[in-house]
Amino acid sequence: MPSLMLLSLTLAVLLGFTFVLSAAELQRFEHAAKADGSLRLLVVGDWGRRGAYNQTEVALQMGIIGEKLDIDFIISTGDNFYDAGLTGVDDPAFYESFIEIYTAPSLQKQWYNVLGNHDYRGNVEAQMSPVLREIDSRWLCLRSFIVNTEMADFFFVDTTPFVDKYFNEPKDHEYDWSGITPRKRYLSNLLKDLDLALKESAAKWKIVIGHHTIKSAGIHGVTLELNLQLLPILQANKVDLYINGHDHCLEHISSSDSPLQFLTSGGGSKAWRGGVSWWNPKEMKFYYDGQGFMSVQITQTEVFVVFYDVSGNVLHQWSRTKQLSFAVQ
Ligand SMILES: *[C@@H]1O[C@H](CO)[C@@H](O)[C@H](O)[C@H]1NC(C)=O
């Protein structure tokens with residue numbers, strides 16, 4: 001009798017455990033690449049201001065460059081709606097800051113969006129709701145998810161819940177933490193799932209996207225929590241690029257101890273904040289305090305990054321090549 005009880009108890013624990021594990025798994029999406037497997041995309045961040053602060057001008061240039069590159073999709077690094085996310089699925093900001101701004105034909109592609117800290121000041125469930133996707137099918141915003149393409153895997157990470165100060169000193173801001181409690185378990189599950197997904201990825205290029213900086217000389221600077229908790233996982237799994245927003249600038253920092261590149265594309269609207277800190281010139285490749293966006297072009301052997309300003313001028317370019325590989329590693 002006691003052994004039967006023990007058995008059923010063990011079973012219940014096991015089942016419960018399995019359920020928790022699978023419930024936490026990161027959602028995956030497949031995005032078809034071009035016929036030759038290549039991929040071209042734009043990255044913009046920190047943008048939703050109803051067209052103000054040059055948001056409209058940046059959108060216009062994104063449309064032109066997007067057309068020229070024949071882009072496959074667009075990534076948003078978060079802070080999609082200022083000042084406090086969306087109030088609900090019927091918030092006019094969804095029209096005024098997104099639908100009516102990014103109107104160019106080339107931008108009528110899938111948008112993959114992460115949440116920024118300003119989005120967490122609004123109704124997070126609303127921003128992730130399928131109702132928005134019904135209003136505009138381009139919209140996809142989730143906390144953390146993966147987009148698989150032929151040559152590159154994109155790992156979108158919900159970085160806001162990592163940052164202690166939003167919990168410890170929220171000032172007069174109210175954050176919507178409803179979906180991420182208990183916080184400790186949420187964060188440890190997320191890191192575990194990300195690590196596992198990165199390990200399982202056989203893609204030639206691994207790209208991680210989050211709202212917050214890991215390395216930045218901008219006004220927000222480095223995010224200590226991510227340096228401690230996220231960075232080691234990226235390095236251990238040979239991630240190629242970490243792409244973020246949060247600092248309202250365009251920036252490229254390389255690593256002296258790994259191939260990982262840190263790219264900030266947070267120039268979607270309000271910029272020119274000043275307050276740039278010194279950074280080791282061996283790692284600092286590029287810093288621009290103003291508005292703009294970034295493109296990423298990917299083939300089997302090369303990743304090519306370009307930063308553009310509000311007039312579409314090329315400000316900085318960088319590329320890395322890898323040998324063609326035939327053997328499965
Ligand atoms: C818009 O962009 C132009 C060109 O960079 C700049 O001179 C101007 O200050 C920008 N406006 C704002 C509000 O940032």
Side-chain angles (χ1 to χ4, degrees), residues 31 33-34 38-82 93-116 118-119 127 132 135-141 147 149 152 154 156 207 209 211 241 243-252 263-272 286 288-298 303-318:
H31 197 110
K34 300 194 190 304
S38 69
L39 201 67
R40 296 194 275 276
L41 55 116
L42 298 183
V43 185
V44 65
D46 304 84
W47 41 268
R49 296 184 191 268
R50 296 181 165 86
Y53 297 99
N54 284 340
Q55 189 196 353
T56 304
E57 285 73 10
V58 172
L60 189 74
Q61 293 303 327
M62 285 172 66
I64 294 168
I65 304 293
E67 176 90 45
K68 210 152 87 182
L69 296 181
D70 183 22
I71 55 164
D72 299 285
F73 57 81
I74 294 132
I75 288 173
S76 164
T77 56
D79 275 3
N80 306 320
F81 300 99
Y82 286 99
F94 188 59
Y95 290 84
E96 294 164 3
S97 288
F98 178 63
I99 298 178
E100 292 163 10
I101 301 288
Y102 302 102
T103 53
S106 71
L107 304 180
Q108 308 308 305
K109 304 280 161 63
Q110 184 65 60
W111 284 58
Y112 294 110
N113 308 282
V114 288
L115 296 160
H118 282 267
D119 300 306
Q127 220 180 123
L132 293 190
I135 299 171
D136 189 322
S137 61
R138 294 180 288 174
W139 190 256
L140 182 77
C141 179
V147 175
T149 73
F154 297 82
F156 295 81
I207 298 171
I209 297 103
H211 176 65
L241 311 178
I243 303 177
N244 59 274
H246 197 47
D247 267 328
H248 297 178
C249 65
L250 305 174
E251 179 177 25
H252 173 198
L263 303 165
T264 300
S265 186
S269 60
K270 196 176 186 177
W272 303 111
F286 164 70
Y288 179 69
D289 201 24
Q291 282 110 358
F293 59 100
M294 184 176 99
S295 69
V296 184
Q297 303 177 57
I298 299 169
V303 61
F304 180 45
V305 172
V306 182
F307 285 96
Y308 310 84
D309 71 6
V310 68
S311 307
N313 300 311
V314 171
L315 298 172
H316 173 69
Q317 310 185 354
W318 174 86

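Sequence positions, counted from 1, serve as the residue numbers for this chain.
Counted by atom type alone, Asp136 and Tyr95 present zero donor-acceptor pairs between their side chains at under 3.5 Å. Checking Thr77 against Asn244 by side-chain atom types alone, no donor-acceptor pair falls below 3.5 Å.
A heavy-atom distance below 4.5 Å is found between the side chains of Ile135 and Ile99. With contacts defined as side-chain heavy-atom distances shorter than 4.5 Å, the pair Arg49/Lys270 qualifies. Side-chain contact between Asp70 and Lys34: present, with at least one pair of heavy atoms (C-beta onward) separated by less than 4.5 Å. Within the 4.5 Å cutoff, the side chain of Leu241 has heavy atoms near those of the Trp318 side chain. No side-chain heavy atom of Ile74 sits less than 4.5 Å from a side-chain heavy atom of Arg138. Residues Leu263 and Met294 meet the side-chain proximity criterion, which asks for heavy atoms closer than 4.5 Å. Side-chain atoms of Phe154 and Leu39, non-hydrogen and from C-beta on, do get closer than 4.5 Å to each other. Using a 4.5 Å heavy-atom cutoff, the side chains of His211 and Asp46 are in contact.
A donor-acceptor pair under 3.5 Å is formed between the side chain of Gln108 and the backbone N or O of Tyr102. With hydrogens and angles disregarded, a donor-acceptor distance shorter than 3.5 Å links the side chain of Gln291 to the backbone of Tyr53.
Of all heavy-atom pairs spanning Leu42 and Ser295, the tightest one is CD2-CB, 3.7 Å. Here the shortest heavy-atom pairing between Ala271 and His248 reads CB-O, 3.5 Å. Contact between Ile65 and Gly312 at its shortest, heavy atoms only, is CD1-O, 4.3 Å. Pairing each heavy atom of Cys141 with each of Asn80, the nearest pair is SG-ND2, 4.3 Å. Looking at every heavy atom in both residues, Asp79 comes nearest to His118 through OD1-N, 2.9 Å. Nearest heavy atom pair, residue Ser269 against residue Ala52, reads CB-O, 3.8 Å.
You'll find the ring centres of Phe286 and Phe307 inside the 6.0 Å limit. Checked against the 6.0 Å centroid threshold, His31 and Phe73 count as a close aromatic pair.
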Does the pair Tyr308 and Val314 meet the rule for a side-chain contact (heavy atoms from CB on, under 4.5 Å), with working shown?
CA-CA 5 Å; Tyr308 310 84; Val314 171; 4.0 Å; yes
Could you go step by step and tell me if Leu41 and Asp72 meet the side-chain contact (heavy atoms from CB on, under 4.5 Å) rule?
CA-CA 6 Å; Leu41 55 116; Asp72 299 285; 5.8 Å; no
Let me see the working for Leu250 and Ser265 under side-chain contact (heavy atoms from CB on, under 4.5 Å), right down to the final yes or no.
CA-CA 5 Å; Leu250 305 174; Ser265 186; 4.2 Å; yes
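Atom NE2 of His252 sits about 10.5 Å away from atom CD1 of Ile243, to the nearest 0.5 Å. The distance from atom CD of Gln55 to atom CG of Leu60, rounded to the nearest 0.5 Å, is 12.0 Å. Between atom OH of residue Tyr112 and atom CG of residue Leu140 there is a gap of 7.0 Å, rounded to the nearest 0.5 Å. The CG atom of Asp309 lies 14.0 Å from the NE2 atom of His316; values are rounded to the nearest 0.5 Å.
Partners of Phe81 by ring pair (Phe, Tyr, Trp, His ring centres under 6.0 Å), not counting sequence neighbours, listed by chain and number: Trp47, Trp139. For Tyr288, the ring pair (Phe, Tyr, Trp, His ring centres under 6.0 Å) partners at least two apart in sequence or on another chain are Trp272.
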